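Here the structure is a predicted model, which is why all the values come from computation and not from measurement.
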Amino acid sequence: MGERTLRGARLGGQSFEDERGIEFAARQQVGYKCPQGHEFEITMSVEAEVPAVWECPRCGSEGLSTSGITPEAKVEKPARTHWDMLLERRSVKELEDILSERLELLRSGEIGPAHLHRQRKSKSKKSA
């Protein structure tokens with residue numbers, strides 16, 4: 001058998017290719033510093049857009065670029081509440097009308113849980 005036989009190769013990511021004749025892409029080292037004081041460098045392509053923040057490999061917090069790149073401020077929308085979405089569909093006057101109508105039905109016993117609307121025996125029927 002030849003010298004370059006793959007017999008007995010173990011599982012995993014071991015490559016049998018040589019690095020001869022391979023031209024690597026141009027790289028740059030980008031420095032970051034996290035709020036905990038950890039300084040670290042990330043290797044990136046020269047053509048890559050360098051991000052302003054990168055997760056610290058030690059503590060997981062966001063490290064800021066030491067080259068002076070600042071993160072862009074994001075415009076945040078206020079959270080829409082249930083009330084906001086309700087007001088998109090109906091006016092306050094309409095909601096008040098619906099509420100009074102439903103309360104009337106609830107008090108009359110037409111809607112709602114059955115245990116709240118049991119027929120009460122009147123005192124006149126007991127004495128008879």
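Between Met44 and Tyr32, the shortest heavy-atom distance links the atoms CE-OH, 3.9 Å. Residues Glu94 and Arg90 come closest through the heavy atom pair OE1-CA, 3.3 Å. Considering every non-hydrogen atom in both Leu106 and Gly112, the closest pair reads CD1-CA, 3.8 Å.
Distance check, rounded to the nearest 0.5 Å: OG of Ser45 to CZ of Arg27 gives 9.0 Å. Atom OG of Ser61 is separated from atom CD of Glu55 by 8.5 Å, given to the nearest 0.5 angstrom. Atom NZ of residue Lys93 and atom OG of residue Ser91 lie 8.5 Å apart, to the nearest 0.5 angstrom. In this structure, CD1 on Ile111 lies 10.5 Å from CD on Glu104, to the nearest 0.5 angstrom. Distance check, rounded to the nearest 0.5 Å: CD of Glu62 to SG of Cys56 gives 11.0 Å.
At most 12 heavy atoms of other shown residues, nucleotides or ligands fall within 6.0 angstrom of atom CD in Glu49.
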Report, one line per pair, each donor and acceptor closer than 3.5 Å where one atom sits in a side chain of residues 78-88; sequence neighbours left out.
unit_1	atom_1	unit_2	atom_2	d
Arg80	NH2	Glu88	OE1	3.3
Thr81	OG1	Asp84	N	3.2
Thr81	OG1	Asp84	OD2	3.1
Asp84	OD2	Thr81	N	3.2

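In this structure, Pro51 and Ile69 have side chains that are not in contact, with every pair of non-hydrogen atoms separated by 4.5 Å or more.
At a threshold of 4.5 Å between side-chain heavy atoms, the hydrophobic network of Ile, Leu, Val, Met, Phe, Trp and Tyr places Trp54 and Val50 in one connected group. Put simply, Phe40 and Val30 are part of the same group of oily side chains (I, L, V, M, F, W, Y) that touch within less than 4.5 Å, one to the next.
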